[in-house]
Structures are given as C-alpha cells and as structure tokens.
Amino acid sequence: MALEPELFDALIDTVRRFVAERLRPLEAEVEAADAIPEHLVEEMKALGLFGLSIAEEHGGLGLDMVEEARVAIELGRTTPAFRSAFGTNVGIGSQGLVIAGTPEQKAHWLPKIARGAIITSFALTEPDVGSDSGSVKTRAVRDGDVYRLSGTKRYITNADKAQLFTVMARTGEEAGGRGVSAFLVPRDLPGVSIGAPEQKMGQKGARVADVIFDDVPVPVANRLGDEGEGFRIAMQVLDRGRLHIAAVCVGVAERLIADCVAYASERRQFGKPIAEHQLIQAMLADSKTEALAARALVLETAAAKDAGANTTMEAAAAKYFASEMVGRVADRAVQIFGGAGYIADYGIERLYRDVRLFRIYEGTSQIQQLIIARETLKRGG
Ligand SMILES: Cc1cc2nc3c(=O)[nH]c(=O)nc-3n(C[C@H](O)[C@H](O)[C@H](O)COP(=O)(O)OP(=O)(O)OC[C@H]3O[C@@H](n4cnc5c(N)ncnc54)[C@H](O)[C@@H]3O)c2cc1C
C-alpha cells in the first residue's frame, strides 16, 4: 500500500461521489460540446487526480498500481472522456519521465504535471506508423547542444492542450526500435504546431490532433535515457498504461451492468419486468461473469506489478480481455434496453461508441494477442 488504508478508502469514497454527483450529470453536455467544462477540470486538480501515479516527493498522490487501478475502475463509471482530461498526465504522458527521467528532469516537470499546471501528451503514432511503432520516421538529428526534430505525430490525445510532449524519434540508423530515442518536447519551442482536433466516433470531450515538428531545436538535456532507449521506454510506459485502460474498461462494464439492472427492473413486457425473463437474465449473467473475471485479472496483475514482477504478458492479457469484454457488455446493454438502447437520451449508445476505442489505442487487440503469444512462448507456457 502506498497510501494509508484509511486515506485510500477516503480517496475512493471521494472519487465515487465526484463521479456520481459531478461528472455523470454532465455526460450529455460534454458529448454535445466535445469539451470538458473548465470548472470540472479545476475540481479534478483539487482532488489530486492529475498526480495519482506521481510520487509524493514530486507533489502527486503516489498510488501504487493496485490503488491506481481501483481509482480507474471508479472513474470508469462515467463517460471515459472525463478520465482523459488527466489520463495522459497520470499515464502515458508522464510515465516516460517517471521511468527514465534524470533527477533534474523529474524535479522540473513532475510537480507541474502532478498538480495539473501543465498537460502532457505521449507522441508515438505517426501517419505511416501505428501498430509497427518501432519503425517511427520522425527524426532527431544531433546538432551541438540540440537535436533538430522533424516529423508528424498522429492522433495524439490532449495535443491541443498539452504544454509538454514525450516524443519518440529516430536518432540512429539501426532498424526498428533500436534506433529510437525519447525526448521531452515543450510546446513552446519554435517549430511545434498542432493540427485541428479530429472528429471521432465516441469519447467526445477527449480530443486528439496531429503534432507537427518542423526543425524543432530540442536541447540534448531533454532526452530521456540514452540514445536508442526510446522504444524500450515507450513499451514500459504502455505496460502500465494498458493496465490502467483495462481497469477503466472494468468500471465502464460495471456501470453498464448497473444501468441494465435498473432499466430491466422497471421496464415491463408480457406483464412483468423484463428482468424476470430468463433470456434477459442470461445476458446479465454473461456480462457480470465477464466483468468479474476482468476485475480479478486487472487487480491480480496490478499486485504482481507492485511486487516487482515482469507483467508485460499479463498487462497485455488484461487489456485484451477487458477491452473486448466491455465491448460485449455494451452490446448486450443496447439489447437489454431494446429501442431505448439505440436512442441518445438513455446514454447507452454513447457508451457503446465510447468503449470501441479501448480495443484500438495503446495497442490494438491484435497487437495484445501478439505480445501474449510471444511472452507465453518465451516463458514456455
Ligand atoms: C482516439 C485515439 C487516441 C489516441 N491517442 C494516442 C496518443 O495519445 N499517442 C499515440 O502515440 N497514439 C495514440 N493513438 C494511436 C493508436 O495507438 C493507434 O491508432 C493504434 O496503435 C493502431 O495504430 P493504427 O491506427 O496505425 O492502425 P494500424 O497499425 O494501421 O492497424 C490497422 C489494423 O491492422 C492490424 N494489424 C497491424 N499489424 C498487425 C499484425 N502484425 N498482425 C495482425 N494485425 C495487425 C491492427 O490490429 C488493426 O486491426 C490514438 C488513437 C486514437 C483513435
């Protein structure tokens, strides 16, 4: 436990009430505006949500992975876009710095990230480079005390608000990930520009855009780790990020199941609540079983990670299973709601669209399968 048990229980209780009382009532508004109201972002900062995973010495709450997963499950009980407001600060935007930053880099950036004074983003994907992320084409060419950074990053979450990017760029001639280095790139360096936010299928309020680097002079002091270590750092960042995403999937599934129970208990057909029809019960049973299985997998993997185990395979399995699971749960939820499941007012179709992303970002389901198979073969079972 990183936090005292009573403090952690109080945090969970506060987050649960924040989700129920402050976030859930604004889900439709956020969907319509494709933006999270600034006053809510300020409340998230006050709760410490931007620094969940950052050490206390740097101004964060210093949660361990089990605690972070439990908070992420609570946050999953509302539209996932809310979590995205601070998700990159807690996860992929900050963890490269946490894993590989120098004491000076950490002292300079982490306190600002932890209190939400700046937003960070993680920039790996490019127009021609997605799943094959070791083949990045963005280049960083050493020129005295700086690297000259040029290239385009695509679908970067929170790019429009970020003041700091963790950027993976090619510094060497070695093929694949071995030639890739990681850099901390402030938004205000000359030559950094941001594209227009993309129109997305779901998770409205969480915005993605291109980030374009045009001969940007990045100080050598902003490199994370040694030259050639960037891909390894990115993969470690994703190991943790995948577990966090899996936990969010569990939370959304639990929310959908609760919505289904409430609706099926009220809605009457053939003279009784539809919850009393066994074919409805079968769908509820399947959803509940799968959500319980995903919760157990996430928390067991988080505990193993906290104990220092290599959880690359288990984190990929958790993300694969939980993201596919919540897709099935959302599909059954639409079915249980019937026509209402397809109508925007009930919010089920919105969550159905929202959860589709979980099978794609931070590595598609196919990439998780490849990781699980590779690690299983390596471990001999
Ligand atoms: C809303 C959103 C937010 C995102 N946020 C970020 C972010 O903050 N930072 C960032 O760097 N990226 C981000 N991404 C990018 C995301 O991680 C990629 O979209 C994802 O990794 C897939 O890459 P791709 O889109 O290029 O698909 P592709 O790699 O082109 O894949 C297309 C299809 O081919 C399959 N495929 C690819 N290779 C194989 C293989 N070897 N075997 C079998 N099947 C394969 C894939 O599984 C997929 O089904 C975001 C994307 C979205 C949509």
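Counting starts at 1 for both ligands and their atoms, in listed order. Bear in mind that the values here come from a model prediction, so they are computed numbers and not experimental data.
- Taking 4.5 Å as the limit, every side-chain heavy atom of L164 sits out of range of all side-chain heavy atoms of V185.
- In the displayed structure, Y361 atom OH is contacted under 6.0 Å by more than 12 heavy atoms of other residues, nucleotides or ligands.
- Just one of R77, R24, R267 meets the salt bridge (Lys or Arg N to Asp or Glu O under 4.0 Å) condition when paired with D259; it is R24.
- In this structure, atom 33 (C) of ligand 1 has its sub-4.0 angstrom surroundings free of protein heavy atoms.
- Per-residue contacts place T364 under 4.0 angstrom from the following atoms of ligand 1 (heavy atoms of the residue considered): 22 (C), 46 (C), 47 (O).
- The protein atom (non-hydrogen) at minimum distance from atom 42 (N) of ligand 1 is L370 CD1, 3.9 Å.
- Nearest residue to atom 25 (O) of ligand 1 from Y361, Y155, F165 is Y155 (criterion: closest heavy atom).
- In terms of protein heavy-atom proximity, atom 49 (O) of ligand 1 is closest to Q366 OE1, 3.4 Å.
- Nearest to atom 8 (O) of ligand 1 among the protein's heavy atoms is T157 N, 3.0 Å.
- Every N/O-N/O distance between I367 and ligand 1 stays at or above 3.5 Å.
- Looking from atom 18 (C) of ligand 1 to the surrounding protein, the closest heavy atom is T125 OG1, 4.1 Å.
- For atom 20 (C) of ligand 1, the protein comes within 4.0 Å by at least one heavy atom.
- For ligand 1, the polar-atom distance check finds no N/O of V208 at less than 3.5 Å from any of the ligand's N/O atoms.
- Among all heavy-atom pairs drawn from R187 and V192, the shortest one is NH1-O, 2.9 Å.
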Checking side chain to side chain donor-acceptor pair (under 3.5 Å) for the pair D239/T312: CA distance, chi angles, key distance, verdict?
CA-CA 6 Å; D239 258 8; T312 297; 2.8 Å; yes

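- In this comparison of Q369, K200, E362, the heavy atom closest to atom 17 (O) of ligand 1 sits on E362.
- Per-residue contacts place G130 under 4.0 angstrom from the following atoms of ligand 1 (heavy atoms of the residue considered): 23 (O), 24 (P), 26 (O), 29 (O).
- Listed by chain and residue number, E27 satisfy the side-chain hydrogen bond (donor to acceptor under 3.5 Å, both in side chains) test with T78 (two or more places apart in sequence, or in another chain).
- Inter-residue side-chain proximity for Q203 and S84 is flagged as met; some heavy-atom pair is nearer than 4.5 Å.
- Among protein heavy atoms, the minimum distance from atom 9 (N) of ligand 1 is reached at F122 O, 2.8 Å.
- With hydrogens and angles ignored, the 3.5 Å screen pairs a side-chain donor or acceptor of R170 with a backbone N or O of G176.
- Protein heavy atoms are found less than 4.0 angstrom from atom 11 (O) of ligand 1.
- The protein heavy atom nearest to atom 36 (N) of ligand 1 is S131 OG, 4.3 Å.
- Atom numbering of ligand 1 starts at 1 in the shown order; those under 4.0 Å from a heavy atom of I156 are 7 (C), 8 (O), 9 (N), 10 (C), 11 (O).
- With a 4.0 Å cut-off on non-hydrogen atoms, L124 touches ligand 1 through its backbone as well as its side chain.
- Remark: atom 44 (N) of ligand 1 lies closer than 4.0 Å to at least one protein heavy atom.
- Salt bridge annotation for E74-R83: absent, with no cationic side-chain nitrogen under 4.0 angstrom from a carboxylate oxygen.
- Any N or O atom pair closer than 3.5 Å counts here, and D132 shares no such pair with ligand 1.
- Counting heavy atoms from C-beta on, the side chains of V71 and L11 come closer than 4.5 Å.
- Seen from the ring of Y147, R142 counts as a face-on cation partner, given the 6.0 Å and 45° thresholds.
- No continuous path of ILVMFWY side-chain contacts below 4.5 Å connects L47 to I54, so the two sit in separate hydrophobic clusters.
- Listed by atom number, the atoms of ligand 1 under 4.0 Å from I360 heavy atoms are 20 (C), 21 (O).
- With respect to the salt-bridge test (charged N to carboxylate O, under 4.0 angstrom), the residues R70 and E67 do not qualify.
- Residue-level proximity to ligand 1 for L357 is carried by the side chain, the only part with a heavy atom below 4.0 angstrom.
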